[in-house]
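One is the number of the first residue; the rest follow in order along the sequence.
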Amino acid sequence: MTTIAVTHRALIQRINRRLLKEQKELGTSRYNVKAFKDLGRYYIVDLKQNAVTQTNIDIEDLGRVMGLLKPYERLEAL
C-alpha cells in the first residue's frame, strides 16, 4: 500500500479546525524556551478557561485518534 506524507503544518491545521469546535487550540512551544520543558513541543489550550489542559501531545497519535489521519497517510519526518 502506498502511503502519503502529511506535513506537520497540515496536520496541525486539521487538528486546530477540529479543536476549534470545542473552543480549544493546539499550541506549539519552541525548543529553546522554558515552556518546552514544562509543556512539551505540543499542548492543548482551552480557550474558554484560558488554561492548558493537556501537555506533551504526540500530534500523529492525536490525529489518528481524532480520525484526521487516514490509514494510508503518515506524518512527514522532520
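A distance of 8.5 Å separates NZ in Lys24 from CD in Gln49, rounded to the nearest 0.5 Å. In this structure, CG in Leu68 is found 12.5 Å from CD1 in Ile12, a value given to the nearest 0.5 Å. Distance CG/Leu19 to CG/Asp46: 10.0 Å, rounded to 0.5 Å. Here the CZ atom belonging to Arg41 is positioned 8.0 Å from the NE2 atom belonging to His8, to the nearest 0.5 angstrom. Atom CZ of Arg64 sits about 10.5 Å away from atom CZ of Arg74, to the nearest 0.5 Å. Atom-to-atom distance recorded for Lys34:NZ and Leu39:CG is 8.5 Å, nearest 0.5 angstrom.
By the rule that hydrophobic residues join a cluster once side-chain heavy atoms approach within less than 4.5 Å of another member, Leu47 and Val52 end up as members of one cluster. Connection of Met66 to Tyr43 is not established within any shared hydrophobic cluster, with ILVMFWY side chains joined at heavy-atom distances below 4.5 Å, either directly or through further cluster members.
The shortest heavy-atom contact between Ile15 and Ile59 is CD1-O, 3.8 Å. A pairwise comparison of heavy atoms in Leu69 and Glu73 identifies CA-OE1, 3.4 Å as the closest pair.
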Take Ile44 and Leu62, measure what side-chain contact (heavy atoms from CB on, under 4.5 Å) needs, and give me the verdict at the end. CA-CA 11 Å; Ile44 295 180; Leu62 181 62; 4.2 Å; yes

Starting from the C-alpha separation in whole Å, work towards a yes-or-no answer on side-chain contact (heavy atoms from CB on, under 4.5 Å) for Tyr42 and Thr28. CA-CA 5 Å; Tyr42 300 103; Thr28 306; 3.6 Å; yes

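Within 6.0 Å of CG in Asn50 there are 12 or fewer heavy atoms belonging to other residues, nucleotides or ligands.
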